[in-house]
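Here the structure comes first, spelled out in structure tokens, and everything after it is commentary.
Source: prediction; values computed, not measured. Every number for a ligand or one of its atoms is a count from 1 in the order of the listing. Heavy-atom basis, side chains included; hydrogens, waters and symmetry copies ignored.
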Amino acid sequence: MTLLSVEGIRSGYGSLQVLSEVSLEVAEGEAVAILGPNGAGKSTLLRTISGLITPTAGAISFDGHDLLAMPAHRIPHAGLVQVPEARHIFPSLSVRENLLVGGTPLPTRAAREAALDDIWRIFPMLVTKRDAPAGTLSGGQQQMVAIGRALMSRPRLVMLDEPSLGLAPLVVRELYEVLRGLVQSGLTLLLVEQDVPVALSLVSRAYVVENGSIALSGTASELRESDHVRQAYLGI
Ligand SMILES: Nc1ncnc2c1ncn2[C@@H]1O[C@H](COP(=O)(O)OP(=O)(O)OP(=O)(O)O)[C@@H](O)[C@H]1O
Ligand SMILES: [Mg+2]
């Protein structure tokens with residue numbers, strides 16, 4: 001079943017048009033990547049899907065809802081959450097408090113506590129840091145807090161914007177092991193990633209965005225074999 005459908009989106013900032021005719025689909029349970037160079041419009045695409053930017057053309061539907069008719073603050077309640085590029089954790093709040101912020105869409109305190117228990121199971125490395133101010137954590141741990149906060153509301157689809165940015169290779173590997181486990185347990189993921197080999201090792205399909213349009217798309221193995229991807233993104 002198609003969970004997210006983006007059709008013919010045109011979007012940008014004021015008079016600057018960034019995206020033109022962008023269409024993509026994500027099926028329930030699928031992990032899909034958006035790849036492409038700096039400035040291509042990947043973050044703009046995620047911001048448009050999560051309602052932070054209103055497109056000037058096109059349609060976006062999620063789980064049967066018309067997202068363009070929904071106020072941005074209601075979108076997480078519909079089950080779609082984004083972890084932004086800059087993470088936006090609250091540095092002076094504890095790890096636990098940061099996670100609880102993500103649980104706001106849940107109806108009861110008991111539901112939030114149960115969700116929190118799940119986050120400690122997903123990210124056991126955060127347990128000993130639960131009462132530490134989030135700003136004192138390492139970059140990798142802060143990224144885990146940002147992802148954990150998004151998972152707190154038990155979303156149907158999570159969008160991650162460059163989770164590996166600024167992290168050491170070993171930390172990226174650890175983070176992606178956790179993401180792999182989440183995908184295997186059924187999480188639907190739309191991932192923007194600059195690290196193409198790492199992204200293609202996780203997802204089943206990907207779209208390549210260049211100059212605000214989808215330049216090509218295919219399964220992870222098709223893209224690994226593509227001459228364009230090999231030359232432009234894999235350095236082969
Ligand atoms: N808030 C903004 N106001 C005006 N222009 C913006 C804004 N954010 C991004 N842009 C411009 O929109 C274009 C696409 O930017 P975007 O951030 O979507 O690229 P990206 O693919 O996410 O790149 P990166 O890999 O560097 O994160 C760029 O030309 C950028 O300068
Ligand atoms: Mg970006």
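Within 4.0 Å of ligand 1, protein heavy atoms come from Tyr13, Leu16, Val18, Pro37, Asn38, Gly39, Ala40, Gly41, Lys42, Ser43, Thr44, Arg47, Glu85, Glu162.
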Side-chain donor-acceptor distances from residues 130-140 under 3.5 Å, at least two apart:
{"unit_1": "Thr136", "atom_1": "OG1", "unit_2": "Pro133", "atom_2": "O", "d": "2.7"}
{"unit_1": "Ser138", "atom_1": "OG", "unit_2": "Gln141", "atom_2": "N", "d": "3.2"}
{"unit_1": "Ser138", "atom_1": "OG", "unit_2": "Gln141", "atom_2": "OE1", "d": "3.3"}

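Chaining together hydrophobic side chains whose heavy atoms lie under 4.5 Å apart places Phe90 alongside Leu93, Val101. Residue Leu165 is found outside any hydrophobic cluster, as its side-chain heavy atoms come under 4.5 Å of no other Ile, Leu, Val, Met, Phe, Trp or Tyr.
Taking 2.8 Å as the criterion, Asn38 does not count as a coordinating residue of the Mg ion (ligand 2), since none of its N, O or S atoms falls below it.
Residues Ser164 and Tyr176 have side chains that never bring a donor and an acceptor to within less than 3.5 angstrom of each other.
Contact check on Arg149 versus Glu97 returns no salt bridge, with no Lys/Arg side-chain nitrogen under 4.0 Å from an Asp/Glu carboxylate oxygen.
Under the side chain to side chain contact (heavy atoms under 4.5 Å, CB included) test applied with Leu189, the options Val26, Leu202, Val203 reduce to a single match, Leu202.
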